[in-house]
There are 2 protein chains.
Amino acid sequence: MQYSVGVEYALHCLVYLIDVPSKESVGIKDLAEFQGLSETFLSKVFGKLSKAGIVSSVSGVKGGYRLSKSPEDISFWDVVEAVEGPKPIFQCKNIKDNGYLYREGSCSAPSSCSINLVMLAAEEKMRDYLRGKTLSWLNEELERVLPQKTREDTRKYFSKSNI
Amino acid sequence: MQYSVGVEYALHCLVYLIDVPSKESVGIKDLAEFQGLSETFLSKVFGKLSKAGIVSSVSGVKGGYRLSKSPEDISFWDVVEAVEGPKPIFQCKNIKDNGYLYREGSCSAPSSCSINLVMLAAEEKMRDYLRGKTLSWLNEELERVLPQKTREDTRKYFSKSNI
DNA sequence: TTAATCGTCGATTTACTTTATCGATAATAC
DNA sequence: GTATTATCGATAAAGTAAATCGACGATTAA
């Protein structure tokens, strides 16, 4: 069981959007090229991020994406949910009603299956943690952890005025 | 992204093993039949549980499975890990080294990728919760929640002496 | 206005993982 | 011995994720 690579792509790409001036944007092509990713697939991922209101798109020549809200209002969980969808990790499905765990027929019925409730609560712990980590937090973390020069070089790479 | 149904099968089946007297065992056939599951597939799942030391098997006629330790020493996480394997939900894979998140080359190298660290920590929150819920807890919960008659009927169903 | 760039969307292909089946083997009760 | 049951490996079927392709519309530069 694994999150799809889409989550990884999204989080890594969003890092590069944090610093982009609000009037500019970064193209899928640049993001894909810089990290050696499939351009077409990455555009799918950004479609989801766009639909979730995390980024907004700019069409046409010199278009691309930018964050559609402040980095401190975008949590890791927002990103994961946008890419993976809202379905819980654990979901009772096939088990027949004759098992004695079921009071109301279906296992997925609310408050029916004790096992299901535990798994959902566990997942909620994970989500809570991810809700507490925002892109602005990540930005500060990177500031602390990475050499200054590296970050500047990357900013230049994605700067339109540079071309 | 979802846990495999194997996890669901395992947890639901283990419930029926809690009450089994330590000299007896329950066969895959009964467990599968009772819940309408594929017998062959369920046997694969129990193979994993067995290898993880959660259940022990009894070969031969009237053989089957029983818990290999006390229900209070078997947590939900033990079961999930046994069935799903030890791999984390989120794992950095494909991203090239030229992204500026990497200090030591690979994203999966310890303490290298800040994003990876956050995801691993989040997952750990979920695991902690699941470690806190044991089969004996579940048993008490079911005692509280289910009609007494239902539980007794189920015990009878799996009792060898009954046949 | 025209041409080039870029995001959007749906259809499709490819690859991989999960789910399930089959067959052979070994152990045990009777 | 014979029937039953777990074990294990190989394999098939089904489903999902990853990636590609092509047509479209929107935008910008010239």
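Fair warning: this is a prediction, and the values are worked out from it, not measured in the lab. Excluded from the calculations below are hydrogen atoms, water molecules and symmetry mates; all remaining heavy atoms, backbone and side chain alike, are included. Proteins come first, then strands; the chains are lettered A, B, ... in the order of their sequence lines, and each starts at number 1.
Across the protein-nucleic acid pair, B:Leu37 atom CG and C:dT21 atom C1' stand 15 Å apart, rounded to whole Å. Straight-line distance from the CG atom of B:Leu17 to the P atom of D:dA6: 11 Å, rounded to whole Å. Rounded to a whole Å, the CD atom of A:Glu39 is 8 Å from the P atom of C:dG7. We find that OH of B:Tyr3 is positioned 18 Å from P of C:dT17, with the value rounded to whole Å. The separation between B:Arg66 atom CZ and D:dT5 atom P is 15 Å, rounded to whole Å. Protein atom CD of A:Gln2 is 11 Å distant from nucleotide atom C1' of C:dT17, rounded to whole Å. When the P atom of D:dT4 is taken as reference, atom CG of B:Leu31 falls 18 Å away, rounded to whole Å. When rounded to the nearest whole Å, the span between CG of A:Leu42 and C1' of D:dA19 equals 12 Å.
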- Query: Using a cut-off of 4.0 Å between protein heavy atoms and nucleotide atoms, how would you tag nucleotides 21-26 of chain D 5' to 3' with B, S and -?
  - Reply: -----B
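Phosphate contact (OP1/OP2 of D:dT5, side-chain N/O of B:Ser57, threshold under 4.0 Å): absent. Contact annotation: B:Tyr9 side-chain N/O to C:dA20 OP1/OP2 distance is under 4.0 Å. Between D:dT5 and B:Ser43, no contact under 4.0 Å exists linking OP1 or OP2 to a side-chain N or O.
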Please list, one pair per line, the donor and acceptor atoms closer than 3.5 Å that link side chains of residues 52-59 of chain B to other protein atoms, with sequence neighbours excluded.
none

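B:Lys29 has no carboxylate O lying under 4.0 Å from a charged side-chain N of B:Glu33, or vice versa, which leaves the two without a salt bridge. A salt bridge between A:Glu141 and A:Arg144 is present, with a side-chain N of the basic residue lying under 4.0 Å from a carboxylate O of the acidic one. With respect to B:Arg131 and B:Asp128, a salt bridge is recorded, a charged nitrogen being found less than 4.0 Å from a carboxylate O. A salt bridge does not link B:Glu152 to B:Arg155: none of the charged side-chain nitrogens sits closer than 4.0 Å to a carboxylate oxygen. Here A:Glu143 pairs with A:Arg151 in a salt bridge; the nearest charged N to carboxylate O distance falls below 4.0 Å.
Two residues, A:Lys51 and A:Lys29, neighbour DNA chain C, and the one matched to the more 5' nucleotide by heavy-atom proximity is A:Lys29. The residue among A:Lys87 and B:Gly47 whose nearest nucleotide of DNA chain D lies closer to the 5′ end is B:Gly47.
Remark: A:Lys51 engages no residue in a side chain to side chain donor-acceptor pair (under 3.5 Å) (not counting sequence neighbours).
For A:Ser4, whose side chain is taken as the heavy atoms from C-beta onward, the closest listed nucleotide among D:dA6, D:dA17, C:dT8 is D:dA17. Among the nucleotides D:dA18, C:dC30, C:dG7, the one closest to any side-chain atom of A:Phe41 is D:dA18.
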